[in-house]
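Just so it is clear, the model here is predicted, and its values are computed rather than measured.
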Amino acid sequence: MAQTYDLTKGKVTVQILKFFFPMFFTNMLQQVYTIADTAIVGKGLGDNALAAVGNMSSLTFLVIGFSMGMANGFSVLIAQSYGAKNYENLRKAVAASIKLSVIITILLTALSICGLRTILTVLQTSDIIMRDSLTYGYIIFGGLAATIAYNLCAFILRALGDSKTPFVAIIFSTILNIVLNCVCIFGLKMGVEGAAAATVVSQMLSAFICFLKLRRIDIIHLSKHDFQMDLSISIKLLGNGIPMAFMNSITAVGCMVVQYFVNGLGVAYTSAYSACSKYINLFMQPACTAGFTMSSFTSQNYGAQKYNRIKKGLHVCLAIALISYLLLGSVMFFFPRMLAGLMLNGEEPITLAAQFLPICGCMLFGVDFLFVFRSGVQGMGYPFIPMCSGIIEMIMRIGVIVLYVSEIGFRATAYAEVVAWFGALALNFVAFQILLHRKLKSERTVALRVQASQA
């Protein structure tokens, strides 16, 4: 029998760190092989190929981010059921999540493949990189089932307190991805299609490993009864999943608008923005992981009605985010040209990237804290607040780029990121404090009534 991990018991700091580190290494490895993809493509195929792959990043985030948001939303209900020890409800939630994910996979695959060329044209994609962007996109979106399967399995495992299995899965898939990248690009001379194919095959492996672990967990052995239509469960899952999915998609739309303006400046700007985006995604990973940890920890303890543990968990996750900012924000601030040179070849894109990285590095704590507070709100079962923060993030990102790109050029992309982070942080910070305060007040009131009745 495979083990699950109850986050409602034991020392808060110990439980969080035991959950955090495997997931942190998982996320870092995912970013490492993303950066390895970028470096191999950039060094092996040139800056134009890198621009083509980078040009797809915002669109990929739009599609995959939507599916990740759905899976994350589903996992909240699963974790709350696990924390409440309601295993029948847990199995029904897992079964319904699987059915809904199949439908989502079919729809997203069809829509993304059919609309790819149109969207790339709207984004002002240069003719120089259009063919490679299309090739890369068709393969990635064609293999979307593997990505969605991995995300669903990984989020279910994390909802049950298991962050180690996704880590093991990513170790193997990262190794496979890098090997296949080198073979396809340097050995078989396949071009960007080699990088895309390597990513899809690696995702298949990681999904398979997580699936094998799920089959060994007794409390989620599913029967035909569990797959029977339960409208209330499906509505609850969609009620959590859709707002989180739209939050990611809304954020992606803002990024796509930025990509539109960057593409209009030229291929060198597209290459620089691609490299900078990769570094932002890499250096926010510790705080992002602290956010995922906060979500699972909050969900289980919210289900168990242990609200004071949520407050203690917040302090631990914020400490992780602060340490991450001090270390990684400093690297971005003090060594921008070195970082840019690891991915880029030309002097112009390196110089452009060196303008972007120090600005975001200095203010990185905004997005780091955002991950923690937003995930706490999600874990308590209030997904519409993070969705609204996503709208704020999109509006601010678009507003800054539209107003200032003509005046200050490429640096406007960095300021757009920073302003968007802090706008979203403000709403989630206030919402989390209010929601947790209400629960803690309710908990104290119940405790006082129990004491009074005993007296």
Problem set entry | Over 12 foreign heavy atoms within 6.0 Å of OH, Tyr404 | no

Exercise. Do the side chain of Thr109 and the main chain of Ile106 share a donor and acceptor less than 3.5 angstrom apart?
Worked result: no

Exercise. With no hydrogens and no angle check, is any side-chain donor or acceptor of Glu417 less than 3.5 Å from a backbone partner on Thr413?
Worked result: no

Exercise. Would you say the side chains of Ser296 and Gln300 form a donor-acceptor pair under 3.5 Å?
Worked result: no

Exercise. Between Asn177 (side chain) and Ser173 (backbone), is there a donor-acceptor pair under 3.5 Å?
Worked result: no

For this session: Check whether any side-chain N or O of Lys92 sits under 3.5 Å from a backbone N or O of Phe227 as a donor-acceptor pair, and report yes or no.
Result: no

Exercise. Is a side-chain N or O of Asn72 found less than 3.5 angstrom from the main chain of Phe155, in a donor-acceptor match?
Worked result: no

For this session: Please assess Thr351 against Glu347 for the test side chain to side chain donor-acceptor pair (under 3.5 Å), listing each intermediate value before the final yes or no.
Result: CA-CA 6 Å; Thr351 300; Glu347 178 60 28; 3.1 Å; yes

Problem set entry | Any donor-acceptor pair under 3.5 Å from Tyr269 side chain to Phe410 backbone | no

Exercise. Considering only heavy atoms from C-beta outward, does the side chain of Phe333 approach that of Met363 to under 4.5 Å?
Worked result: no

Problem set entry | Side-chain H-bond candidate by donor/acceptor type, Asn263 with Gln259, under 3.5 Å | yes

Exercise. Checking side chain to side chain donor-acceptor pair (under 3.5 Å) for the pair Thr165/Asp162: CA distance, chi angles, key distance, verdict?
Worked result: CA-CA 7 Å; Thr165 301; Asp162 179 6; 2.7 Å; yes

Exercise. Are any side-chain N or O atoms of Thr105 and backbone N or O atoms of Ala145, one a donor and one an acceptor, separated by less than 3.5 Å?
Worked result: no

Exercise. Looking only at atom types and distance, does a side-chain atom of Ser375 sit under 3.5 Å from a main-chain N or O of Ser295, one as donor and one as acceptor?
Worked result: no

